[in-house]
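Residues: numbered from 1 along the sequence shown. Note that the coordinates shown come from a computational prediction; the quantities given were computed from them, not determined experimentally.
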Amino acid sequence: MQANPIPPVQCIGIPRETFPGEKRVATVPDVVEKLIKLGFRVAVESGAGDAANFSDDAYRAAGAEILGDAAALWAASDIVFKVRPPSSDEVARMREGTTLIDFIWPAQNPELMQQLAARKATVLAIDCLPRTLSRAQKMDALTSTAGVSGYRAVIEAANAFGRFFNGQITAAGKVPPAKVFIAGAGVAGLAAIGTAANLGAIVRANDTRAEVADQVKSLGGEFVKVDYEEEGSGGGGYAKVMSEGFQAAQRQMYAEQAKDADIIITTALIPGKPAPKLITAEMVQSMKPGSVIVDMAAEQGGNCELTVPGQAVVRHGVTIVGYTDLASRLAKQSSTLYATNLLRLTEELCKAKDGVAVVNMEDDAIRGLTVVKDGAITWPAPPLKQAPAPAPKAAAAPVAVQKSSHGPGEPMSAKTLTIVFAVLAVLFWAIGAYAPVAFLGHFTVFVLACFIGYMVVWNVTPALHTPLMSVTNAISSIIAIGALVQIAPPDAGINGRPDGLILWLAFAALVLTAVNMFGGFAVTRRMLAMFRK
């Protein structure tokens with residue numbers, strides 16, 4: 001009986017990006033080594049990584065084969081990793097049946113989809129990843145790219161801005177902090193908020209999704225709410241198109257922020273649609289001379305009416321930065337992150353680690369990515385299967401609840417408060433009248449400690465409650481003093497040493513409280529370090 005033939009090891013090709021100004025590369029030498037461990041061969045076009053500071057020698061040392069020209073690379077590749085969508089010339093160089101993993105944007109590139117289908121290709125569009133799947137986060141190149149772009153947007157704004165970001169008081173005078181307004185608090189917006197806040201600017205941000213307000217605050221920004229109630233989440237982690245009423249209220253808020261802000265960074269994009277116009281020409285004209293707008297949506301038409309895609313222009317004394325290659329301006333970092341995302345995807349495609357990629361259309365993440373399968377267009381993917389709703393619990397028998405004199409959250413009535421204080425007064429009188437004198441001193445310290453501890457914890461911001469618990473846990477280890485007293489009592493010379501059981505119990509208590517004490521302070525220091533800039 002003849003055994004099934006072993007499929008040949010596939011070759012992953014990394015061509016040089018041909019899009020004008022693109023500096024990124026689809027994989028890096030460190031990732032090449034890991035792809036080879038999965039069983040693949042890796043071929044890299046000569047010079048593909050030069051613009052991102054990855055030399056041919058670095059790829060060669062990692063185990064990749066360097067091919068001299070693009071035609072040879074495309075002819076040798078079973079799988080191709082790219083950053084930008086392929087050009088018509090690159091599609092023509094593809095072998096039939098090639099698997100392409102790339103940013104495709106199928107809604108914006110219908111002609112490209114037809115060309116790829118004609119080559120009987122299998123295409124995985126990294127931009128179509130179902131981002132709501134938790135297991136897909138490691139493959140989410142959109143998030144990686146957006147984070148780099150948001151950081152770079154602030155750097156470009158700082159370059160065009162004529163002052164410091166942070167406020168300073170110098171011998172030459174006082175410098176006020178820059179005021180930065182960020183429209184859109186997605187991944188790119190949050191990265192921009194964190195970067196601008198770390199540089200010392202006063203940061204305000206807005207988003208149609210109310211749930212991101214806490215994220216804005218956690219990064220040091222202030223969330224500016226539109227005075228109009230409407231839910232803006234469009235599913236899949238994206239925003240939706242808002243109603244005309246909301247947009248009118250939003251424009252009014254943007255107009256107010258434009259007059260006050262020194263820098264505006266816009267990030268608003270809706271998949272498959274032109275970028276919404278948020279900043280009008282009138283708003284630009286109302287801004288202070290020397291202000292800066294960085295339009296991160298410039299490639300899709302821009303959020304500002306005066307944006308020129310790919311250029312930085314000055315209008316009404318305001319510099320409007322419309323660069324479309326923000327991620328490419330940090331080519332080494334963005335290439336490394338993108339390469340790691342593609343590695344995680346490849347691990348899903350090659351779970352056997354035999355150098356053969358298998359596109360499993362039963363896998364929700366892979367199905368969402370696959371826009372062309374063996375020449376058949378499979379985009380858009382069907383909606384994800386919803387998890388079955390939990391079975392409703394049996395209704396519990398009604399329980400009679402005695403009504404209290406005050407509702408939840410309401411203050412006690414004067415009568416109830418008087419009764420509570422009277423009972424406590426009688427209790428304290430009884431303790432003072434009959435308890436030993438030594439007990440009264442300890443009891444007074446205990447009551448004061450409880451009161452002071454309560455007031456201290458009550459006045460601490462909730463974000464610090466966890467590190468506060470660890471440090472109070474450490475402080476509570478003062479009971480170690482009790483263990484020391486048992487090990488070496490003050491009257492040991494008169495009454496002798498304690499018996500063995502008490503001695504060993506005291507020793508064990510001392511060891512445990514020492515671990516508690518030092519561990520509590522160590523955990524507190526590490527957690528508080530997270531809140532420091």
Side-chain angles (χ1 to χ4, degrees), residues 12-26 45 48 69-71 73-75 77-131 141-142 145-146 149 236 238 241 269-277 296-303 307-311 322-328 338 341-342 345 357 359 361 366-383:
I12 297 176
I14 313 296
R16 180 202 292 260
E17 296 295 324
T18 59
F19 190 86
E22 182 57 69
K23 299 178 181 179
R24 290 173 291 175
V25 62
E45 183 181 349
D69 58 28
L73 186 284
W74 284 91
S77 301
D78 302 293
I79 303 170
V80 176
F81 288 176
K82 272 186 57 59
V83 179
R84 292 278 186 170
S87 64
S88 298
D89 292 340
E90 288 174 321
V91 173
R93 290 172 179 161
M94 291 177 63
R95 290 174 12 205
E96 286 195 357
T98 299
T99 298
L100 175 66
I101 303 177
D102 192 2
F103 281 105
I104 298 296
W105 308 109
Q108 288 89 349
N109 296 300
E111 293 182 4
L112 174 61
M113 293 282 287
Q114 295 296 333
Q115 293 173 8
L116 292 168
R119 302 297 295 176
K120 301 188 184 314
T122 294
V123 182
L124 278 67
I126 201 70
D127 49 278
C128 292
L129 181 74
R131 303 171 76 185
L142 279 174
T145 304
S149 299
Y238 297 98
V241 178
L269 280 174
I270 298 172
K273 297 180 180 295
K277 299 299 180 185
M296 294 184 63
E299 193 166 3
Q300 301 299 325
N303 296 136
T307 296
V308 179
Q311 298 182 31
Y323 297 148
T324 58
D325 59 347
L326 290 172
S328 186
Y338 182 60
N341 293 138
L342 295 191
L345 172 57
V359 178
M361 299 294 276
I366 303 303
R367 176 63 188 90
L369 286 167
T370 307
V371 296
V372 181
K373 180 70 165 70
D374 298 328
I377 295 177
T378 58
W379 181 85

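- To the nearest 0.5 Å, atoms CG (Leu369) and CG (Leu345) are separated by 6.0 Å.
- When all heavy atoms are compared, the tightest approach of Val371 to Pro106 is CG1-CG, 4.1 Å.
- Rounded to the nearest 0.5 Å, atoms CE (Met361) and OG1 (Thr370) are 5.0 Å apart.
- For Lys373, the NZ atom is densely surrounded, since the number of other residues' heavy atoms within 6.0 Å is greater than 12.
- For the atom pair CG of Asn303 and CE of Met296, the computed distance is 10.0 Å after rounding to the nearest 0.5 Å.
- A 4.5 Å side-chain heavy-atom check between Ile104 and Cys128 finds every atom pair outside the cut-off.
- Looking only at side-chain heavy atoms (C-beta outward), Pro130 and Arg367 stay at 4.5 Å or farther from each other.
- Two residues are said to be in side-chain contact when any heavy atoms from C-beta on lie closer than 4.5 Å; Ile12 and Ser77 fail this criterion.
- Heavy atoms of other residues, nucleotides or ligands lying less than 6.0 angstrom from NZ of Lys277 number more than 12.
- Between Met94 and Leu116, some side-chain heavy-atom pair lies under the 4.5 Å cut-off.
- The nearest pair of heavy atoms linking Tyr323 to Ala298 is O-CB, 4.3 Å.
- Checked against side chain to side chain donor-acceptor pair (under 3.5 Å), Asp102 has no partners two or more places apart in sequence or in another chain.
- For Asp69, the side-chain contact (heavy atoms from CB on, under 4.5 Å) partners two or more places apart in sequence, or in a different chain, are Ala71, Ala72.
- The closest donor-acceptor contact from the side chain of Glu45 to the backbone of Arg16 lies under 3.5 Å.
- Closest non-hydrogen pair, Gly21 versus Asp325, comes out as O-OD2, 4.4 Å.
- Atom CG of residue Asn341 and atom CZ of residue Phe81 lie 11.0 Å apart, to the nearest 0.5 angstrom.
- Taking CG of Asn109 as the start and CE of Met113 as the end, the distance is 9.0 Å to the nearest 0.5 Å.
- Using a 4.5 Å heavy-atom threshold, the side chains of Glu90 and Val80 count as separate.
- Counting heavy atoms from C-beta outward, Arg119 and Thr98 have side chains that stay 4.5 Å or more apart.
- If you take CD on Gln300 and CH2 on Trp105, they are separated by 7.5 Å, rounding to the nearest 0.5 Å.
- Closest non-hydrogen pair, Ala141 versus Tyr338, comes out as CB-CD1, 3.6 Å.
- In the displayed structure, Glu111 atom CD is contacted under 6.0 Å by at most 12 heavy atoms of other residues, nucleotides or ligands.
- Within the 4.5 Å cutoff, no side-chain heavy atoms of Leu73 are placed close to those of Ile14.
- Residues Leu269 and Ala275 approach most closely at CD2-CB, 3.8 Å, considering heavy atoms.
- Between Thr307 and Gly322, the shortest heavy-atom contact is CG2-CA, 3.9 Å.
- Each of Lys82, Lys23, Arg24, Arg84 was scored for a salt bridge (Lys or Arg N to Asp or Glu O under 4.0 Å) with Glu17, with one residue passing: Lys82.
- Leu129 has its side chain out of reach of Leu142: every pair of non-hydrogen atoms, C-beta onward, lies at least 4.5 Å apart.
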